[in-house]
Asker: 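I'd like to ask some things about the structure below.
Atoms within a ligand are numbered from 1 in the order they appear, just like the ligands themselves. Values below: all heavy atoms of this structure, side chains included; hydrogens, waters and symmetry mates excluded.
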Amino acid sequence: MIDKNQFRGHEQLAYFHDKESGLKAFIAVHDTTLGPAAGGCRMWPYASEMDALNDALRLARGMSYKNAMAGLPLGGGKAVIIANSKTDKSEALFKAFGRCVESLDGKYITAEDVGMTTDDINIIASETKYVAGTPNGDHASGDPSPFTAKGIYNGIRAAVKHKLGKDDLAGLTVAVQGVGNVGINLCQFLHDDGVKLIVSDIIQDHLDAAVERFGATVVDPDEILTVKADVVSPCALGAVLNDETITHLNTSIIAGGANNQLANDSHGVRLMDKGILYAPDYVINSGGIINVSGEAAGNYDLGWVNRKIDNIYHTLLHIFERADAEERPTNVVADEMAEEIIEKAKEKKRTAA
Ligand code: NAD
């Protein structure tokens, strides 16, 4: 039934079923201490409602940690729609979902996630104001990928400073797995700094763009994680750091944008034991949510967004230093720091009450 490991301190879990449109969705609100629970809506053909529910709980908690570590006035939440994004989309379904979000009265703010597009978000926005990541409008924040990439670039600089003692990236080699929206923007930042790029992808056009624009060296998808490089940057899939891949890594830094890179938390220990510095994914890839949060606040300010994204450098250095001092994995230290931020805010509220 419900995976007890996923049900940790959640404030609310709502199930919605709209017969007319066929919508079946869960919205999980993990914690609203820091602000309204913000997190994207995922459309996925889950094998069962229980799988969807557990995913919503897990992802909502992840958003609390991500938003806390990014220093945002936002809590964590997530929505999942049980449907196939290739065959099941309809205007009626997204309108029904928009009404579900509206019914929570601002406790949850939705946005784009896997299986969703900005067109879908636009339909949802016709039924609720509690939505961000829209493509047009006064405070629209648009495509988050360049902002995510800028944060990852800052994170790579922090990791290189900490692990290799270098202040600049010129002459280093970075292997980027996946040159899609995030990866290609990251390559631009790295190329501008004189980094040698090794890339892989499963879409030829994406590889051609990386070769043409940056003179990148292409390797097979099977090889990208194990090539010799100063930094390996996973920017495609989750769970790429597992028993098999960690054994063959040939780098001292993993710093990339993909969500849920560790197959499970124990792989953080494996990386530490191998002397590999891991930049926790939800910290290094928070540039996108920082950008979206400007829109959620209703007063988008590019200067504020850029300052927050620059701060990812310092946040990661802090995590690396504490992890070294306590001889513990960076992923565990990041989770603890996020919990501390939330607990401190709770304490402040209790005292003020
Ligand atoms: P995307 O779909 O635009 O790009 C992913 C790329 O990875 C594609 O080019 C795809 O062909 C490639 N790919 C897929 N399987 C591969 C494989 N086995 N080997 C090599 N390449 C492969 O997605 P994106 O928006 O660039 O996001 C990339 C990752 O970053 C995802 O994990 C996403 O969840 C995460 N992320 C994205 C954002 C954002 O702002 N877009 C924010 C936070 C996290």
Asker: Using protein heavy atoms only, decide if any is under 4.0 Å from atom 18 (N) of ligand 1.
Answerer: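 Protein heavy atoms within 4.0 Å of atom 18 (N) of ligand 1 - there is at least one.
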
Asker: Nearest to atom 8 (C) of ligand 1 by heavy atom, N185, D201, L237, L186: which?
Answerer: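 Selected option, by shortest heavy-atom distance: D201.
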
Asker: With no hydrogens and no angle check, do the side chains of N260 and Y282 hold a donor and an acceptor under 3.5 Å apart?
Answerer: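 No donor-acceptor contact under 3.5 Å links the two side chains.
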
Asker: In terms of atom number and element, which parts of ligand 1 are under 4.0 angstrom from non-hydrogen atoms of P144?
Answerer: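 What qualifies from ligand 1 is 40 (O).
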
Asker: Which residue supplies the protein heavy atom nearest to atom 36 (N) of ligand 1, what is that atom called, and how far is it?
Answerer: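 The protein heavy atom lying closest is G257 O, 3.7 Å.
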
Asker: With no hydrogens and no angle check, just 3.5 Å: does a side-chain donor-acceptor pair link N264 and S266?
Answerer: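 Their side chains do contain a donor-acceptor pair, which is all the 3.5 Å distance test asks for.
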
Asker: Check whether any protein heavy atom sits under 4.0 Å from atom 23 (O) of ligand 1.
Answerer: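 Flag for atom 23 (O) of ligand 1 set to false, no protein heavy atom closer than 4.0 Å.
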
Asker: Can you pull out the closest protein heavy atom to atom 5 (C) of ligand 1? Residue, atom name and distance to 0.1 Å, please.
Answerer: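 Residue, atom and distance for the closest contact: C235 O, 4.0 Å.
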
Asker: With the threshold set at 4.0 Å, does a side-chain nitrogen-carboxylate oxygen contact exist between R157 and D193?
Answerer: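 Salt bridge: no.
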
Asker: May I ask you to say whether E339 pairs ionically with K346, meaning some side-chain N is under 4.0 Å from a carboxylate O?
Answerer: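 No salt bridge links E339 with K346.
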
Asker: Is the shortest N/O to N/O distance between N285 and ligand 1 below 3.5 Å?
Answerer: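 Checking ligand 1 against N285, no N or O pair falls under 3.5 Å apart.
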
Asker: When you measure from atom 3 (O) of ligand 1 to every protein heavy atom, which one gives the shortest distance, and what is it?
Answerer: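 Here the closest protein heavy atom is N181 N, 2.9 Å.
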
Asker: Assess the side chains of Y108 and Q12: does a donor N or O sit below 3.5 Å from an acceptor N or O?
Answerer: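 Q12 and Y108 do not have a side-chain donor-acceptor pair below 3.5 Å.
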
Asker: Give the numbers and elements of all ligand 1 atoms closer than 4.0 Å to a heavy atom of I203.
Answerer: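 Per the distance check, 11 (O).
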
Asker: Roughly how far, to the nearest 0.5 Å, is NE2 of H267 from CD1 of I276?
Answerer: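 Reported to 0.5 Å precision, the distance equals 12.0 Å.
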
Asker: Verify, without hydrogens or angle tests, whether S126 (side chain) and N122 (backbone) share a donor-acceptor contact under 3.5 angstrom.
Answerer: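 Such a contact is absent between S126 side chain and N122 backbone.
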
Asker: Ring-plane angle category for Y65 and H30, please: parallel below 30°, perpendicular beyond 60°, tilted otherwise.
Answerer: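 Judged by the thresholds at 30° and 60°, the geometry between Y65 and H30 is perpendicular.
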
Asker: Purely on distance, is any nitrogen or oxygen of K66 under 3.5 Å from one on ligand 1?
Answerer: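 So ligand 1 has no N or O lying under 3.5 Å from an N or O of K66.
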
Asker: When you measure from atom 4 (O) of ligand 1 to every protein heavy atom, which one gives the shortest distance, and what is it?
Answerer: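 That would be G180 CA, 3.3 Å.
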
Asker: In the protein, what heavy atom is nearest to atom 42 (C) of ligand 1, and what distance, to one decimal place, separates them?
Answerer: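 Of every protein heavy atom, T148 OG1, 3.4 Å lies nearest to atom 42 (C) of ligand 1.
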
Asker: Give the residue and atom name of whichever protein heavy atom lies nearest to atom 33 (C) of ligand 1, and the separation in Å to one decimal.
Answerer: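 For atom 33 (C) of ligand 1, the nearest protein heavy atom comes out as N259 ND2, 4.0 Å.
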
Asker: What protein heavy atom is closest to atom 37 (C) of ligand 1, reported as residue, atom name and distance in Å?
Answerer: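 In this structure, atom 37 (C) of ligand 1 has V182 CG2, 3.7 Å as its nearest protein heavy atom.
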
Asker: Using a strict threshold of under 4.0 Å (side-chain N to carboxylate O), is an ion pair present between K150 and D310?
Answerer: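 K150 and D310: salt-bridged.
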
Asker: Side chains of K66 and N285: any donor to acceptor distance under 3.5 Å?
Answerer: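 Short answer, yes.
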
Asker: To the nearest 0.1 Å, how far is atom 31 (C) of ligand 1 from its closest protein heavy atom, and which atom is that?
Answerer: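 Going by distance alone, atom 31 (C) of ligand 1 is nearest to A236 O, 3.5 Å.
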
